[in-house]
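Lettering follows sequence order; numbering is per chain, from 1.
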Amino acid sequence: MATTVHEPPVIDSGHPPRHGASGNGGRGNWVPAAGKVRGVHDHSSAASRTGIWVGLAGITMMFAAFTSALIVRQGSAMDWRHLVLPPVLYLNTAVLLASSVTLEIARRRVAAFARDLEDRVGVPLCWLYLTLGLGLMFVGGQCVAWSQLKAQGLYLATNPSSSFFYVLTAVHLLHMLGGLGGLTLVITRLSRRVPTLRRSTLDTASYYWHFMDVLWLYLLWLLWMRL
Amino acid sequence: MAKVFAVTVILIAIGSAIPILMHKWVPPVDISTHGPLIDEQLSETMVEAGISFLAAQFILGLFVWKYSNTPKSAKIRNFPGGATGLVTAAVLLVGLEAMALGIFGAKAWASVYFTPPKPDALKIQAQAGQFAFYFRYPGPDGRFGPIHPDLINEGTQNFFGLDPDHDPDSKDDIVTAELAVPVNREVHLLMHAKDVGHSFFVRELRIQQDFVPGLDVSVHFTANKTGRFEIVCTQLCGLGHYNMKAYLSVLSQPDYDTWLKQQATMQ
Amino acid sequence: MHDMSAHALQHHAPPPGFVRKHIFSLDHKVIGEQYYGLALLAVLIGMVLSWIMRLHLAWPDVHIPGLQLLSKNGAPGGVLTPEYYLQLMTMHGTIMVFFVLTTAPFAAFGNYFLPIQVGAEDMPFPRFNMMSFWVTFVSFCVAVAAFFVPDGPPLSGWTAYAPLSALGAIAGPGQGMGQVLWAVSIAIFCVGQLLGALNFITTTLDMRCKGMSLMRLPLTVWAWFITSCMGLTAFAVLLPACILLFLDHVAGTSFFIPGDLVVSDTLQPHAGGSTLLWQHLFWFFGHPEVYIAIVPGMGIVSHVLITNMRRPMLSHRVLIYSMGALAFLSYMVYGHHMFVSGMNPFSSLAFSFPTLAITIPSTIIVLIWIGSLYGSKLRINSPSLFALGFISLFVSGGVSGFFLAQPSIDIILHATYFVVGHFHLVMALAATFGIFAGTYFWFPKITGRMMNETLGKIHFWFTFVGAYCIFMPFHYLGMAGNVRRYQAFVDDFMQPFIPVHKFITVAALVTGGAQILFLYNLIYSRFRGQPASENPWQATSLEWTIPSPPPFNNFGDRIPVVYHDPYQYGVDGASDDYVMQDSPEQTQSVRDEK
């Protein structure tokens, strides 16, 4: 057995010193100083930032499973009928892409507000509301797409292609609700008299939002290619 | 207590090995031409797995016996060779062993699945449904009539959904509840599932293959001993699963011909 | 996205009120206990189901008093009908695999000890954690509700192979409402486990205290971390599969149902679905699931053994890498469940080699365990006995994998009792021994009281010998050609096996009955056990540096700092024969040999 003299404890450096920290992020770090968003050093980023990537990995895996199911199902029989995507989907896509842009602008505005470069909380809030509105428009648009398909006589069980269309769009929409919830949380936190929004909450919500965007582009491509 | 554990583990190991060594619990005698390869693979695997099993349990028992009463003042010692030695042993002995088994086992698998059936193999169709097997022989014309699922009806005994009035190929098809095959003749079994998944398992024939609804699956085999053997369903198919069986009769060529004629008259 | 500040503001004090403290608690320890309680309830149901099945197999006409109360149609006069046997079997498998083997070693112990062992106050997303348990609980209720719908639970087995599982009530009793409940229950379960995995991974990566580098994490933490990575990917695949199955049932889609099926002389209105698709999706989850059940056990057993051997494992790193290799390989081997399923025979061979390759990391793990016993100072107590029993069972169940990994041998062993014996030993029983080892080991930490040693040892002997008496004969039966999932052996071929089945049944009843000792011990010791000190096993990891039971925020106002590798036993020059992870004592470190 090789024995070596023990080195002094390894303590992570490169992070700002923490008050009451327990390592890479403990509960103690999460309390915004004096309950104000301005001037708060965000120590708690790590957990939620890692968490969001882990969550997105799970969602990715789920859609990978759906994709492989679609490919296998398409190859298993000759009953696959081509489906013309309702044109409103392209409008929805544009809306969703626009919402990502407005969210990015909102994020900058919040940062500026936190750094005192921006006086009014109304400016970032305005952009956030716009994003939320666009998101809701996307949800509405997807419902329009469904009713257009229904008008064509294409229901969930009509054909495997329409089955997959409904399933994939519905599951995506379900995940969109998570994004809308996150955004609502951000807005609520920011519009309190004393804002309690943490940077990591905003970042996490926007990563999720952008991911929904990318996921939708992928789904649109998949549906367009395969259906 | 440690000694009790050691003795128990070793006794369990020996006790587990005895039924194997007695050769009481072995697959029934093989009746197929490809079976010997599988049986050989099984016994080789048994030897290797058995040695690993006994060695591991014995050493576990031994070490527990030996090192449980070490005095408090004693120094911890390391296994000679340490982790490196053990990893090497695992990779070299067990890894190579397993890979060798895999490679040799591939031969037995290939003999069943990678050799296409000979063109003159006897084609028989097997259909599995809840909870019975039916078999169809093409008759003198050598062709199976098409299946019409909408005509399938247990009540009228139209198990395959044949329409002999419109399909000339169906006219001479012979449908039976028993699978009879001539000895030493290759049989190409075309498998069709009527409702849910089932499986075709004849222990003596060393053949097990699932019926897959919506998919044409086939197996081929040559039986080289005459006799009557049980065909069982091994894919859970519903409440009558336990009772879903048929018989395989391996007959001499003359007996087979007589049997087939007899069946033809009964249609 | 997630609100932690509300909770953070009130930290250092447990929430007031019974409901927030014990029911909808955000505390990872309470959630861990809740998971343990759920597993305990589930395992009791699952065990009783197995007793009923065993009794019926040995004595098909046996009258089981009271059974008719569970289902009038399924068990008229207390005698099982063929379909009810299969329905109970389905529920046995479902409850045991999902609600016991996944929840107890992973979600229960993991929730309780992972944050403590990494030196954190809690998981990073306590609300998700609470949701994870309650979602799982709802899923359990939905699964059990299947007993009480008119046709009873589904009969398609825990694997729910399509199209039997997708066709609806026409395919058999319980295949209507029962199967729908099953699909819904499992889908909900997946959501719960995904939330849990999210917390576990993030805790391990981000919540470690000062000095707790990755290699200083105890083996339990590594095992839970690896398991949660598997859970994140595996349950994310089962969830879509269950959604599609559900739609086939209720919406008339044809994902898994091919065309031209005739059930009960009725042509089914479906077309084009793929039955193999279900099997691929299910087993892509199903094989990692086996490792989700067993890897936490490996971690617990290593942890318990090291403490009781008074020495570290021969190599900490090699064990971690081997568990990682197991997890990695588990995704490449799922096809070995489908050798005779009609899958391309070339794929069967392609799946067989990685399966055989799994023997390498497994053997390394076993050899490291056994090799570390050499020259150790082994203490025999209930936890260490169960840990040693785990090794023995894992080896016994593992070697039969040699057979089943080869497609050629699988032709004769597939769907026989050999398979049943294999997975019960290697996954179910071994994992259960891991749970027992963990319970006896951590009970003093959780409750502040020791469990009764004598009872624990008696419990071990019954369970250990019983396990072999039950499951070894399964292998013999399987080799002789006894096929599984049969409710009775009515033919000439399998009639001679019935005496063996009677022996197994008696063994199962006795072994199961012996679990009363465990239950009694658990309850008695909870209230009347010897008070436990902070560190009754003289162990080194962080959970033993805090009071038993741990305070609400684990470490109180103290912020743990870690100075040592996790298992510093047999240290030269230390004041005792071990050094706690957070002890600032400068000593010669016991390190992996290079």
Side-chain angles (χ1 to χ4, degrees), chain B residues 1-2 9 12 16 19 25-27 38 41-42 45 49 52-53 56-57 59-60 63-64 67-68 70 76-79 82-83 86-87 90-91 94-95 98 102 105-106 108-109 113 149-150 152-154 194-197 203 206 208-210 212-215 217 230 232 234 236 238-239 242, chain C residues 82-83 157 161 163-164 172 258 260-263 265 267 275 311 314-315 318 340-342 345 349 352-353 356 359-360 363-364 367-368 370-371 373-378 380 391-392 395 399 402-403 406-409 411-412 414-415 468 472 476 479-481 483 485-488 493 570 593:
Chain B
M1 192 62 84
V9 165
I12 285 174
S16 306
W25 301 96
V26 288
I38 295 179
Q41 189 68 19
L42 180 68
T45 309
S52 320
F53 168 74
Q57 306 285 10
I59 296 171
L60 175 67
F63 282 3
V64 170
Y67 296 106
S68 55
T70 321
I76 297 293
R77 281 179 299 142
N78 265 355
F79 190 73
L86 292 176
V87 172
V91 173
V94 183
W109 179 253
Y113 282 101
D150 46 324
I152 292 182
N153 193 323
E154 303 261 322
K194 190 184 87 173
D195 38 36
V196 300
R203 304 169 180 96
R206 306 290 188 263
Q208 178 165 200
Q209 175 65 53
D210 279 7
V212 187
L215 208 63
V217 187
E230 195 179 78
V232 288
T234 49
L236 182 55
L239 65 98
Y242 75 103
Chain C
E83 58 271 28
Y161 269 22
L164 181 65
D260 292 342
L261 295 189
V262 182
V263 186
D265 286 346
L267 188 61
T275 63
R311 59 160 298 163
L314 278 173
S315 172
V318 169
V340 299
S341 70
L349 273 192
S352 121
F353 284 98
L356 285 162
T359 50
I360 297 175
T363 312
I364 293 175
L367 286 185
I368 297 266
I370 298 182
L373 279 171
Y374 177 93
S376 68
K377 291 191 267 189
L378 182 65
I380 295 293
I391 300 179
S392 172
V395 169
V399 288
F402 270 120
F403 297 82
Q406 301 176 49
S408 57
I409 298 180
I411 293 176
I412 40 179
H414 184 82
Y468 273 107
M472 257 310 162
Y476 311 141
M479 275 198 288
V483 295
R485 291 175 160 176
Y486 272 32
Q487 63 100 16
F493 189 88
E593 84 190 272

task: Indicate the atoms forming the closest heavy-atom contact of Gln209(B) with Val340(C), along with that distance.
output: NE2-O, 3.2 Å
field: Side chain, backbone, both or neither of Ile12(B) within contact of chain C (heavy atoms, under 4.5 Å)
entry: side chain
- request: Using a cut-off of under 4.5 Å on heavy-atom pairs, state which of Leu261(C), Val263(C), Asp265(C) scores highest against chain B.
  value: Asp265(C)
field: Residue pair Ser52(B) / Phe402(C), side-chain heavy-atom distance below 4.5 Å
entry: yes
- prompt: Which pair of non-hydrogen atoms, one from Pro149(B) and one from Leu267(C), has the smallest distance, and what is that distance?
  reply: CB-CD1, 3.6 Å
Donor-acceptor pair, side chain of Tyr113(B) and main chain of Ser408(C), under 3.5 angstrom: no
message: Using every non-hydrogen atom in the two residues, find where Ile364(C) and Ala90(B) come nearest and quote the distance to one decimal.
response: CG1-CB, 3.4 Å
query: Checking Val232(B) against chain C: side chain, backbone, both or neither under 4.5 Å from a heavy atom?
result: both
task: Side chain from CB out, backbone as N, CA, C, O: work out which of these in Leu236(B) comes under 4.5 Å of a heavy atom of chain C, or both, or neither.
output: both
statement: Heavy atoms of Arg77(B) and Arg311(C) approach each other most closely as O-NH1, 2.9 Å
query: Checking Gln41(B) against chain C: side chain, backbone, both or neither under 4.5 Å from a heavy atom?
result: both
query: Do the side chain of Thr70(B) and the main chain of Ser376(C) share a donor and acceptor less than 3.5 angstrom apart?
result: yes
Minimum heavy-atom distance between Tyr242(B) and Tyr486(C), given as atom pair plus value: O-CE2, 3.4 Å
- request: Identify the heavy atoms of Trp109(B) and Leu349(C) that sit nearest to each other, and give their distance.
  value: CD1-CG, 3.6 Å
query: Which one of Val196(B), Asp195(B), Val212(B) satisfies the side-chain contact (heavy atoms from CB on, under 4.5 Å) criterion with Pro163(C)?
result: Val196(B)
query: From Phe79(B) CZ over to Leu314(C) CG, what is the distance, rounded to the nearest 0.5 angstrom?
result: 8.5 Å
field: Winner by heavy-atom pair count (cut-off under 4.5 Å) against chain C, out of Gly214(B), Ala106(B), Ser68(B), Gly95(B)
entry: Ser68(B)
